[in-house]
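Below you'll find the structure, written out as structure tokens, and then a few comments.
The chains referred to below are lettered A, B, ... by the order of the sequence lines, with proteins before strands, and numbering in each begins at 1.
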Amino acid sequence: MKPESHHSTAYPRIYAVVAAIPRGKVATYGQVAELAGLPGRARQVGYAMHALDADTPIPWHRVVNARGEISPRTAGPEAGTLQRQLLETEGVRFGVGGRIQLDRYRWNPAT
DNA sequence: CCACTGACGAGTG
DNA sequence: GCACTCGCCAGTG
């Protein structure tokens with residue numbers, strides 16, 4: 001074993017959870033964090049998403065914020081527009097205000 | 001080491 | 001429901 005591995009490698013765990021979100025469903029950053037064994041660290045999930053390559057197989061677009069919205073990027077609206085497009089292609093409907101009804105589309109891993 | 005930032009979120013008013 | 005504060009912590013300068 002490597003005794004020096006204390007500086008977290010949480011990204012793989014986060015990506016594993018995101019990869020498990022079914023098509024047409026969404027999960028919140030906080031939900032992903034909790035499922036990855038990192039309760040209260042929703043922010044790190046966002047950080048992990050930001051670190052993904054453009055051609056990643058990870059379905060990053062299925063992760064939205066706790067209000068059911070696509071989180072605004074500092075970099076610009078481009079990624080957000082793509083995210084919404086990808087979700088709509090999977091059948092996820094957006095209401096006025098760019099809101100998704102979480103009670104309807106949220107992924108429930110228990111089922 | 002310190003200050004600041006940021007794909008977040010619960011709590012408060 | 002909105003605006004704000006505070007906690008969270010990796011990355012950057």
Go through the structure and list residues passing salt bridge (charged side-chain N to carboxylate O under 4.0 Å, His left out) with A/Arg13, not counting sequence neighbours. none
Minimum-distance nucleotide to A/Arg43 side chain [options: C/dC2, B/dG6, B/dG9]: B/dG6
A/Val26 side chain near A/Ile21 side chain, heavy-atom distance below 4.5 Å: no
Keeping the roles fixed (side chain from A/Tyr105, backbone from A/Gly68), state whether a donor-acceptor pair exists under 3.5 Å. no
Which of these nucleotides, B/dG9, C/dC2, C/dC8, is closest to any side-chain atom of A/Arg41? C/dC8
Could you go over nucleotides 11-13 of chain B and give all protein N or O partners under 3.5 Å, atom names and distances?
none

Could you state the atom-to-atom distance from OH of A/Tyr29 to C1' of B/dA10 in whole Å? 17 Å
Atom CD1 of A/Ile70 and atom C1' of B/dC8 are separated, to the nearest Å, by 15 Å
Give the rounded distance in Å between these two atoms: CG of A/Leu102 and P of C/dG1. 12 Å
Within residues 44-67 of chain A, the residues having a heavy atom closer than 4.0 Å to DNA chain C are A/Gln44, A/Tyr47
Residues at least two apart in sequence or cross-chain that pass side chain to side chain donor-acceptor pair (under 3.5 Å) with A/Gln83, listed by chain then number, are A/Arg73
Under 4.5 Å between side-chain heavy atoms, hopping through other hydrophobics if needed: is there a path connecting A/Leu52 to A/Val63? yes
Which pairs would a plain distance check flag for residues 92-102 of chain A, meaning a side-chain donor or acceptor within less than 3.5 Å of a matching protein atom at least two apart in sequence or in another chain?
from: A/Arg99; atom 1: NE; to: A/Arg67; atom 2: O; distance (Å): 3.0
from: A/Arg99; atom 1: NE; to: A/Glu69; atom 2: OE2; distance (Å): 3.1

What integer distance in Å separates A/Ile14:CD1 from C/dC9:C1'? 11 Å
side-chain hydrogen bond (donor to acceptor under 3.5 Å, both in side chains) between A/His61 and A/Gln85, intermediate numbers included: CA-CA 9 Å; A/His61 59 282; A/Gln85 201 170 51; over 6 Å; no
What residues form a side chain to side chain donor-acceptor pair (under 3.5 Å) with A/Ser71, not counting sequence neighbours? A/Asn65
